[in-house]
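First up is the structure itself, then whatever we jot down about it.
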Amino acid sequence: MTVALRVAPSPTGRLHVGNIRTALINWLYARRHGGTFLLRIDDTDEERSTRAYEEAIKEDLAWLGLDWDRFSRQSDRLARYAEAAQRLTAAGRLYPCYETAEELELKRKTLLARRLPPVYDRAALKLTAEEKRRHEGAGRLPHYRFLLSDRPVEWDDLVRGPVRFEPGHLSDPVLLRADGRPLYMFASVVDDLELGISHVIRGEDHVANTAAQIEILAALGGKPEELAFAHLPLLADASGAGFSKRLGSLSVGDLRASGVEPMALNSLLAKLGTSDAIEPRQALAELVAEFELAHFGRSTPKFDLDELMRLNARLLHAMSFEAVRERLERLGLRGVDRDFWEVVRGNLARLDDAAIWWRVVHGELAPLIEDSGFARQAAALLPPEPWDRATWAAWTEHLKVVTQRSGKALFHPLRLALTARERGPELAGLLPLIGRARALARLNGEAA
RNA sequence: GUCCCCAUCGUCUAGAGGCCCAGGACGGAGCCCUCUCACGGCUCAAACCGGGGUUCGAAUCCCCGUGGGGACGCCA
């Protein structure tokens with residue numbers, strides 16, 4: 001069986017945490033099983049979809065490193081949906097309905113008030129030809145519903161196990177709006193069938209849709225057993241609130257602005273809710289090798305931004321110079337080298353922070369002098385260049401003997417004078433980068 | 001309201017009747033390393049939602065509560 005997966009965002013906003021997780025997991029599954037990955041833009045909702053968002057989604061996926069082998073856009077395939085609708089009509093599975101949105105809303109409210117599930121009553125099925133003519137004569141255009149069977153729908157969900165939907169709990173889904181446009185429910189099935197999708201991995205908010213879509217698929221001549229479904233539990237935010245409440249507003253843009261590395265996000269989202277340890281991974285290939293859909297549980301995991309930021313820091317601490325060189329240069333660190341990166345990376349929470357240490361090493365700063373006498377002594381004992389990592393130990397050993405200082409009393413003033421900061425990377429590494437001239441001046445209390 | 005799903009350390013989870021006075025990872029605490037923070041090493045604290053059953057024996061099976069999530073659109 002050919003493995004083919006897809007991610008199907010609607011271009012009505014930027015990708016957010018939930019979207020990204022779904023996209024990533026589908027992508028990982030495809031790559032893990034040597035399958036293809038399709039980016040499908042679900043833009044049947046004309047009012048809310050824009051090309052600008054479509055572009056933003058492509059950029060966001062590219063930023064994450066999720067590439068696609070195939071691309072399709074639902075608005076380009078309207079003829080296909082119309083053709084499929086004709087086949088359903090011919091099979092007697094598509095029927096016109098004339099209720100207005102308001103009338104349907106009223107029906108639902110009435111049912112709810114009677115403690116009944118708000119399922120469509122199929123009143124339109126009983127309409128006579130005369131009644132239909134009257135409706136159309138009155139200017140009412142029909143929308144079309146798919147006639148669900150009276151048999152239960154079953155499938156073996158890759159995450160939830162055997163799932164069974166009893167008839168009567170589902171409304172006949174509207175496939176075509178009164179203006180003739182297909183709805184997601186329909187376009188999605190036609191695409192999955194015609195584009196040869198083998199696995200649909202999505203959030204559990206789609207389980208009821210799957211039941212209906214399996215029937216539509218079969219009515220279209222597709223084989224439901226050739227399409228595997230997996231429904232993952234939705235994410236909640238750290239407080240446990242449902243995903244749509246707060247996480248829905250956490251977009252890729254926000255995350256990027258917070259200094260989140262794409263691989264930090266990928267590392268978290270690929271494992272959150274699984275039994276695997278969540279650890280920083282430098283490359284998607286590692287996540288591909290580790291990916292197992294069966295490791296996902298059925299309960300709602302919490303997405304915690306603090307956890308993401310910690311993972312982000314850990315990822316940064318292990319990043320290679322090659323991986324960040326260009327980005328550092330773009331940050332204005334001209335001529336940045338491996339030594340600098342390796343000395344500094346362990347102290348970064350986000351890549352941008354490297355600029356702080358770049359200034360400490362190459363820029364001018366006003367030193368903090370606690371004891372000018374001691375600082376001048378230290379300056380006087382500064383060894384001649386060339387300097388390397390051993391210089392620091394040699395120098396401070398010498399200072400220790402001469403000044404009788406040790407521990408914090410010895411080191412703290414040196415750190416303050418040299419970097420003007422309480423904390424930072426090891427001075428043994430930093431000192432050679434700062435260089436003798438600058439160190440000398442700073443110890444003497446001069447801005448340098 | 002109806003239906004579906006879920007319920008083990010703070011978090012993600014292992015656990016498919018005895019191997020569990022419950023294991024791992026992240027986080028937390030302590031110690032070590034150390035000029036600081038981080039890294040690393042070692043150690044510790046930390047959980048089976050409640051109540052009924054079934055069973056010689058239940059975290060594991062059943063029922064009922066409770067709590068959480070989801071679905072019920074001419075949105076996706």
Side-chain angles (χ1 to χ4, degrees), chain A residues 8-12 19 42-45 47-49 74 97 99-101 104-105 108 111-120 141-145 157 159-160 163-166 168-171 173-185 187-188 202-209 211 231 233-236 238 240-245 268 271-279 295-304 306-307 310-311 313-314 316-318 345-349 392 396 406-416 418-419 421-428:
Chain A
S10 57
T12 56
N19 286 335
D42 280 10
D43 57 351
T44 53
D45 184 345
E47 283 86 21
R48 297 191 298 150
S49 298
Q74 291 191 326
C97 303
E99 296 91 344
T100 63
L104 290 172
E105 183 59 30
R108 277 191 291 270
L111 256 9
L112 246 17
R114 292 171 54 204
R115 306 186 150 210
L116 260 21
V119 173
Y120 179 60
L141 258 28
H143 56 279
Y144 290 83
R145 287 185 190 261
D157 196 286
V159 169
R160 317 186 111 205
V163 178
R164 181 186 168 94
F165 254 79
E166 299 298 336
H169 293 298
L170 253 34
S171 295
V174 175
L175 264 32
L176 260 23
R177 302 179 15 151
D179 61 11
R181 279 152 48 194
L183 254 10
Y184 156 82
M185 174 69 81
S188 184
R202 60 205 329 194
E204 67 181 0
D205 51 338
H206 281 287
V207 289
N209 291 339
H231 293 89
L234 265 21
L235 299 180
F243 169 79
S244 51
K245 310 240 173 33
L268 178 62
K271 303 287 181 63
L272 186 62
T274 72
S275 47
D276 299 337
I278 296 168
E279 271 162 5
H295 290 186
F296 282 85
R298 297 224 259 167
S299 51
T300 310
K302 289 165 193 65
F303 175 87
D304 183 354
D306 291 337
E307 186 176 11
R310 282 192 298 265
L311 195 64
R314 288 213 288 150
L316 244 16
H317 299 169
R345 64 179 175 184
N347 279 76
L348 305 179
W392 168 258
T396 54
S406 66
K408 194 178 179 186
L410 173 70
F411 298 110
H412 186 63
L414 297 179
R415 173 173 288 282
L416 286 180
L418 259 14
T419 71
R421 290 172 179 275
E422 292 280 349
R423 293 196 275 268
E426 274 183 84
L427 284 170

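Numbers restart at 1 for each chain; the letters A, B, ... are given by sequence-line order, proteins then strands. Since the structure is predicted, the reported quantities are computational estimates derived from the model, not experimental observations.
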A:R108 vs B:rG73: side-chain N/O to OP1/OP2 distance below 4.0 Å: yes
Pair A:D179 + A:R181: basic N to acidic O under 4.0 Å: yes
Options B:rC74, B:rA76, B:rC72, nucleotide nearest the side-chain atoms of A:P118: B:rC72
Residue A:L234, side-chain atoms from C-beta onward, closest of B:rG70, B:rC12, B:rG1: B:rG70
Assigned partner base of B:rA45, Watson-Crick or wobble definition, under 3.5 Å: none
A:F303 CZ to B:rU11 P, straight-line distance once rounded to whole Å: 17 Å
Distance in Å, A:L176 CG paired with A:L141 CG, rounded so as to fall on 0.5 Å steps: 11.5 Å
B:rC37 base / A:N347 side chain donor-acceptor hit below 3.5 Å: yes
Donor/acceptor link under 3.5 angstrom from A:H169 side chain onto base of B:rC3: no
Ion pair check, A:E307 and A:R310, cut-off under 4.0 Å: no
d(CG, A:D306; C1', B:rC12) in whole Å: 15 Å
Nearest to side-chain heavy atoms of A:S299, which nucleotide of B:rA71, B:rA7, B:rC26: B:rA7
Phosphate OP1/OP2 of B:rC12 contacted by A:K271 side-chain N/O (<4.0 Å): no
A:H206 over B:rA71, stacked by centroid distance under 5.5 Å, angle under 30°: no
Base paired to B:rC3 (Watson-Crick or G-U; both N/O distances under 3.5 angstrom): B:rG70
d(NE2, A:H231; P, B:rC4) in whole Å: 16 Å
Atom-to-atom span, CG of A:L418 to C1' of B:rC35 - whole angstrom: 11 Å
Side chain of A:K302 (C-beta onward), nearest among B:rU13, B:rU11, B:rG1: B:rU11
Given B:rA76, B:rC5, B:rC6, the nucleotide with the shortest approach to the side chain of A:E204: B:rC5
Short side-chain N/O contact from A:R160 to OP1 or OP2 of B:rC6, under 4.0 Å: no
Given B:rU36, B:rC74, B:rC26, the nucleotide with the shortest approach to the side chain of A:V174: B:rC74
A:R423 side chain, from C-beta outward: closest of B:rC12, B:rU36, B:rG70: B:rU36
Polar pair under 3.5 Å, donor/acceptor by atom type, side chain A:R415, base B:rC35: yes
A:S188 side chain near B:rA76 phosphate (N/O to OP1/OP2, under 4.0 Å): no
Contact under 4.0 Å: A:R145 side-chain N or O vs B:rC74 OP1/OP2: yes
Between B:rC12 (P) and A:L272 (CG): distance, integer Å: 8 Å
